[in-house]
Every structure is written in structure tokens, then in C-alpha cells.
Amino acid sequence: MDWLQQLINGISLGSIYALIALGYTMVYGIIRLINFAHGDVFMIGSFVGFYAITGLGLSIIPALILAMAVCALLGVVIERIAYKRLRNASRIAALITAIGVSLLIEYGTIYFRGAQLEVFPSALPTKSFNLWGATISVQSILILSISVVLMIILQIVVRRTKVGKAMRAVSHDVEAARLMGINVDRTISATFAIGSALAGAAGVIFGIYYTKIEPLMGVIPGLKAFVAAVLGGIGIIPGAAIGGLVLGLVETLVSALGYSNWRDAAAFIILILILIFKPSGILGKNSREKV
Amino acid sequence: MKKLNGFWVFLALSVVIYAVGQLLIGTGLLNPYYSNTLIFIVINIILAVSLHLVIGITGQFSIGHAGFLAVGAYISAILTKLDLPFPVALFAGGVVAAFAGLLVGIPSLRLKGDYLAIATLGFGEIIRIVFVNIDYVGGAAGMQVPHLTSWTSAFICLFITLIVIMNFTNSTHGRACISIRENEIAADAMGIDTTYYKVAAFALGAFFAGVGGGLYAHNFYIIQPTNFGFLKSFDILIFVVLGGLGSLSGAVIAAILMTVVSTYLQGYPETRMIIYSVVLIIVMLYRPKGLMGTNEITSYFSKWTGVKGGRLHGK
């Protein structure tokens, strides 16, 4: 049963994409900005996790929490320094700034620590077991459960807490939310913090799963997570999770069929098809053009 | 009569710049390193101006321009490998790139703003991955290319590019494109076929990017798909944004400045990228319209103002 194994691989990969895509989609939903630096926050999360495990000798869960905290802080700092002034600027100016921040984080990291690879320590048991003839590693099950738990927490935060309510209100209508007494700036910062923390967690999980991390590792997963967010309907939180899973499964399928060189192209072909045929995404509603 | 004057001034200026460049290189006053930088500046101006047509004039935010550069580079490299003359190869590279531009533009230009940016980025990456997977052009290892680009060939290409793009901008078609940039819905309501003009500008931009790609390929001894990634598109984008969206002379000046700066920092690639990104962020935060805005350098010498972002010569 090779297919079952591929399915599990696809879901594990998809859950990493989904975690990154959630941050993209939340930020886009609230300030209509494609946060290109998000993939680099993911990279920073991976490195924090790496140094926490090798340097501080932490085990996996504390390392994960530390990475999430550092990334949340980084996300808020990026928002305060770079994006806050651009709330009313043109979309192109905001997009270019995001690209600039992304390059700054990447090459800043290379400047301070060099471009060499690091091998992520295997912080989880590497055992595996058989399920109907497929070999399933304990790792991928744990990765999947961490992602699922984080997504459930996110759903609770967004649906059940005051911050979540404020976030939904701001993404619906900034001006009306401000008139209702919601602190818009703080809500946007909270969104960045939560989204970046998820990216940090995804970084640690990615490190455990693929073992190799380097300063430019965030670029391609970042772009693909963006594809996942668009696929699910950008701005819609469950959409990002669905888009991530679909993308992970498609990529694994393409590799399994023997076209692994075309794996990266698959994501972009999906992106273009979805943009042409249903730009609002799987869960999105079509909106009409207004003057 | 006045329009004619502007053209002759431009022509005379070009001849003088060409002659000075040729003299410096020919007499050996500039060592090969600097003359290569000079050629590189010319190529970068061609690329900047070709993207200026898409972003600055038509207002369509494309960040996959390196894809067309790659098409032009590879097609022309294949043709010179087959012993076709260099000008034919350059032209063919441009034509195939324009065709790729049509292929990319027709579906993706239905999108707007962020979505268009991401779609063009996706197409750029797909083009790169296609070249990685074609064994005939060497795949990821790259392809050997003869060194054919000279100051003369590069400058002639630049001259033609500038003439065509300036005339296009000042023509009916150019004004139609500018109106799309200013307000697409209003342009549509005025009876302008917005899709047609967007695709036309995109294809024309892709053509010149392809020609630039041919020059770029034949200025190095080897081309690899990694040369035409994401970062190359941003390099070109930086010229256009820094110079001012909608300013041809701004794009030219920014291309010259950034090429010189990055040549000096060649030994420190990380520092170069950090400076690039900091400059980009600071310009966007404090001067989002770029160095020149939509003004042209000639508008500082003349009280006559034309269509913003539309006039360079003929004042």
C-alpha cells in the first residue's frame, strides 16, 4: 500500500503549508497586504528552534513555544516598523516594502551567520510502524497532531475570544470597527503576532521533517503557502488549511508519479488555474467590481 | 517643428554617448572590467525600460519579468549555437519572448493588483523550471554561450528600445495605456479596449526583455536557470520603482545608479542585498512615488508639461 504512505506524506507536507498559509491569509484578511516576509519569519522560526534544541538543550515542545514567541515578536516589529506607515499607501508601495523586508531578513540572516546549511537534530523518536502494509513514521503523526492542535487553538481564538472578535470586525470593516471602539492598531498587531507564531511553529516542524535548514529556505515554502492561501480563498481562515492540504497532496502526487523536477511548477500551475477560473478560491464568494 | 527638435537632440546625444563609450573602450582607457560594467549598464537600462512600459506606463504590476529575460537569453543562445548571426538571434529571442508575453498576458491580465503580481511571479517561476527540465539547454548545469555582446550591439539595441518606447508612450496607444494606469474603469468607459492595450504593452515589454536577455546571455560565458529566478525579477523591479513609477528617465537613471553600486559591492553579495532592501524600504516609506515620480528629466528644463509620465522628447 504505497498510496497510503504517500497520502500520509502529502498530509504532513500539506499541514506545514497550511500553518504558513494561515498567517498569510489572516494578514491579508485584515490589511489587504501580501506579507512577502512571512516565508522569512518561517525561516527565523526554524533557526530559533534549531538553536533552542542544539544550543539551549531544550526538548521539542519548549523549543516550539520559544520559536513561536520569537516569531510573534518579530512579526509585530515588522508590522510596526515597515507596514504601519503604509496603511493608506498604494498597494504597490506596500507590496514592494514587503519584498524589501523579506530580502532584508534573508540577507541579514546570511550576513550574521553565513549561508551554510544546518542539520536539524532529530528531536522526535524515529520509530515507525506498519499500517495495512504502509510504513508510517511516528514523526509524521506527531507533526500532524501538532499542526491540528495549533489550528484548533487558532479557531478557538478567532471564534471565541475578544481579540478574535476584534480581528473579525476589523477585517470586515476597519472604519466601522474603529467607531465601535476597537483598537485597530492593537488588533492588527495581534493578527501579525498570531500569524507569525504559526509560521514559527511551521518552521520548527519543517526542520524536524526535512532536517536541513538554511537562510533562503523560506522563499519557496512561503510562495507555496501563499498559493495555498489563494487556493482556499485568501482572507478565509479554514480556506488556508484546506488549500494547504490540497497543495501538499498534489505535490506529493506529482513526485510519486515520477515528475519530482516539476513539483515546484505544479504549485504555480495550480495558482494560475485557480486565479483564472475562480480567483476568489475554493471557499471564497465572488465579489462584484465596484467603482 | 518642436517635436523634430527633441528627436534630433536625442539622436545627437546618443551619438555622442556612443562615440565616447567606443573611444574609451577602443583606446583601452577603460580596462575590460569597466567596459564590461558599461555594457552591463546598457543591458540593465534595456530591462528597466521594458518593465517600465508594463508597470510605469500601463500600471500592470508584473514581477515575473526575469522569465521573459530567460526566454530571450535561451532562444538567442540556441540560435547562435546553430551559427545564425547575432542580430538575427537577438531579434528571434525578442520575438519568442513577446510570444511568451502574449501567452502569459492573455490569461493573467484579467487579474488586477496583487493577484496579477502573484500570477506573473508564478509564470516567471514556471518558465525557469521549464528550462531546468530541458536537457538540450543543459538543465540546471547551464549552457555555454559564445561571447558576442559588444558595446556597439548593446548600444544599438538600447537606442532602438528607447526610441520605440518613447514613441509608443507618446502615441495614441501610449495614452490609452496611461489612461489604464490612471483609472482602468474610466478608461474602459471611454471606449478603450483595456485588455487589448494591456496585453499589447505586456508583449512589447516582453519583446525588449527578450532582446535584453539575448545581450545578457552573450555577455557571459554561461547561462543557468538560476540566473533568471525571483531575485532577477526584483533587480529589474527595483530600477523601475526607485526611478519612479511612470518615469522613463527615472528608470534609466536608477538602472545606471544601481548597476554602478552593485558592481562596487560585487565582492560583498550579502551587503549588496541588504543595501538594496533597505533602500527599497526607505524609498517606499518616505517617497513612495520613487525618485522622479512621473516626471521626466526634460520636464525640469522646460515649463511645458505634457501628459504625466508620457513625454520625454519633443518639448
Side-chain angles (χ1 to χ4, degrees), chain A residues 28 32-34 36 81-86 89-112 114-115 215-216 219-220 223 226-227 229-230 234 259 261-277 279-280 289-291, chain B residues 55 59 61 63-64 104 107-108 110-130 132-133 139-140 183-186 189 229-231 234 237-238 241-242 245 268-290:
Chain A
Y28 191 89
R32 301 277 175 268
L33 165 78
I34 299 175
F36 265 105
I81 293 175
Y83 301 151
K84 197 175 177 186
R85 299 175 54 105
L86 291 164
S90 72
R91 301 276 277 276
I92 287 179
L95 198 61
I96 292 168
T97 311
I99 292 170
V101 172
S102 162
L103 292 176
L104 184 63
I105 298 177
E106 285 162 17
Y107 288 91
T109 310
I110 291 180
Y111 185 80
F112 284 116
L216 296 180
V219 179
I220 294 292
L223 286 177
F226 179 75
V227 173
V230 174
I234 195 153
Y259 299 103
N261 281 342
W262 293 95
R263 209 179 75 157
D264 289 352
F268 294 113
I269 290 169
I270 292 178
L271 172 75
I272 284 156
L273 291 179
I274 196 95
L275 285 177
I276 291 167
F277 292 109
S280 53
E289 193 175 354
K290 279 180 272 187
V291 179
Chain B
I55 298 186
F61 200 56
I63 49 177
V104 173
S108 57
R110 294 166 40 179
L111 306 165
K112 291 192 183 74
D114 301 346
Y115 287 108
L116 174 66
I118 295 300
T120 52
L121 189 135
F123 270 117
E125 286 295 292
I126 290 173
I127 291 173
R128 189 180 64 77
I129 294 166
V130 166
V132 171
N133 284 292
N183 189 331
E184 189 171 339
I185 295 168
F230 207 43
L231 278 177
F234 287 152
L237 180 68
I238 290 169
V241 172
L242 203 66
L245 292 166
Y268 317 94
E270 294 89 40
T271 322
R272 182 180 88 104
M273 288 312 296
I274 289 173
I275 292 175
Y276 256 46
S277 51
V278 170
V279 166
L280 207 58
I281 296 170
I282 290 175
V283 169
M284 279 302 114
L285 289 182
Y286 295 99
R287 199 173 163 79
K289 56 185 180 149

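Numbered from 1 within each chain, the chains take letters A, B, ... in sequence-line order. Every heavy atom of this structure was used, including side-chain atoms; hydrogens, water molecules and symmetry mates were not.
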Q: Would you say that A:R85 contacts B:Y286 through its side chain, given a criterion of any heavy-atom pair below 4.5 Å between the two side chains?
A: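 A side-chain contact exists here, since the closest heavy-atom pair is under 4.5 Å.
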
Q: Heavy-atom distance under 4.5 Å to chain A: side chain of B:V132, backbone, both or neither?
A: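 Contact with chain A involves no heavy atom of B:V132 at all.
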
Q: What part of B:V283 gets within 4.5 angstrom of chain A, counting heavy atoms only: side chain, backbone, both, or neither?
A: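 Looking at B:V283, nothing touches chain A.
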
Q: Which atoms of A:L223 come close to chain B, meaning under 4.5 Å heavy atom to heavy atom: side chain ones, backbone ones, both, or neither?
A: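 Side chain only.
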
Q: In Å, rounded to the nearest 0.5 Å, how long is the span from OH of A:Y111 to OG1 of B:T271?
A: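 Going from the OH atom of A:Y111 to the OG1 atom of B:T271 covers 5.5 Å.
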
Q: Is the charged tip of B:R128 near the ring of A:F268: under 6.0 Å from the six-membered ring centre and within 45° of its axis?
A: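 Negative - B:R128 is either too far from the ring of A:F268 or too far off its axis.
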
Q: Angle between ring planes, B:F230 versus A:F36, binned at 30° and 60°: parallel, tilted or perpendicular?
A: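 Correct class here is tilted.
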
Q: Among A:L103, A:D264, A:L33, A:I269, single out the residue with the greatest number of heavy-atom pairs under 4.5 Å to chain B.
A: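 Option with the top pair count is A:L103.
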
Q: Considering only heavy atoms, which portion of A:L275 lies under 4.5 Å from any heavy atom of chain B: side chain, backbone, both, or neither?
A: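 It is both, since atoms from each part get that close.
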
Q: At a 4.5 Å cut-off on heavy atoms, which part of A:V227 comes close to chain B: side chain, backbone, both, or neither?
A: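 Neither part; nothing is under 4.5 Å.
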
Q: Apply side-chain contact (heavy atoms from CB on, under 4.5 Å) to B:L280 and A:T97, showing your working.
A: CA-CA 7 Å; B:L280 207 58; A:T97 311; over 6 Å; no

Q: Under 4.5 Å heavy-atom distance to chain B, tell me which part of A:L104 shows up: side chain, backbone, both or neither.
A: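 Contact with chain B involves both backbone and side-chain atoms of A:L104.
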
Q: Can you tell which part of B:A186 gets under 4.5 Å to a heavy atom of chain A, answering side chain, backbone, both or neither?
A: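 Neither the backbone nor the side chain of B:A186 comes within 4.5 Å of chain A.
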
Q: Do the non-hydrogen side-chain atoms of A:L271 and B:F123 ever get within less than 4.5 Å of each other?
A: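 No - every pair of side-chain heavy atoms lies 4.5 Å or more apart.
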
Q: Where is the tightest heavy-atom contact between A:I34 and B:I118, given as atom of each residue plus distance?
A: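 So the minimum-distance heavy-atom pair works out to CD1-CG1, 3.7 Å.
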
Q: Which residues satisfy the side-chain contact (heavy atoms from CB on, under 4.5 Å) test with A:I274, sequence neighbours excluded?
A: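 Residues passing side-chain contact (heavy atoms from CB on, under 4.5 Å) with A:I274: A:V230, A:L231.
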
Q: As an exercise, state the distance from CZ of B:R272 to OH of A:Y107, rounded to the nearest 0.5 Å.
A: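 So the gap between those two atoms works out to 8.0 Å.
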
Q: If you count heavy-atom pairs within less than 4.5 Å of chain B, which of A:I110, A:I272, A:I234 leads?
A: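 Greatest number of close heavy-atom pairs with chain B: A:I272.
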
Q: Using side-chain heavy atoms (C-beta onward) and a distance below 4.5 Å, is B:F61 in contact with A:I96?
A: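 In contact.
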
Q: Are B:E125 and A:I220 side-chain neighbours, meaning at least one heavy-atom pair lies under 4.5 Å?
A: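 In short, these two side chains touch, coming nearer than 4.5 Å.
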
Q: Counting heavy-atom pairs under 4.5 Å with chain A, which one of B:I55, B:L245, B:I129 comes out on top?
A: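 With the most close heavy-atom pairs to chain A, the winner is B:I129.
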
Q: Who among B:I275, B:V241, B:I126, B:I282 has the most heavy-atom pairs with chain A under 4.5 Å?
A: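 Sorted descending by pairs with chain A, the first entry is B:I126.
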
Q: Roughly how far apart are A:I99 CD1 and B:S277 OG, rounded to 0.5 Å?
A: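 If I round to the nearest 0.5 Å, the distance is 11.5 Å.
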
Q: The criterion is side-chain contact (heavy atoms from CB on, under 4.5 Å); which residues satisfy it with B:T120, sequence neighbours excluded?
A: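 For B:T120 the side-chain contact (heavy atoms from CB on, under 4.5 Å) partners, ignoring immediate neighbours, are B:S62, B:I63, B:L116, B:F202.
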
Q: Roughly how far, to the nearest 0.5 Å, is the CG atom of A:L86 from the CE atom of B:M284?
A: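 Between atom CE of B:M284 and atom CG of A:L86 there are 9.0 Å.
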
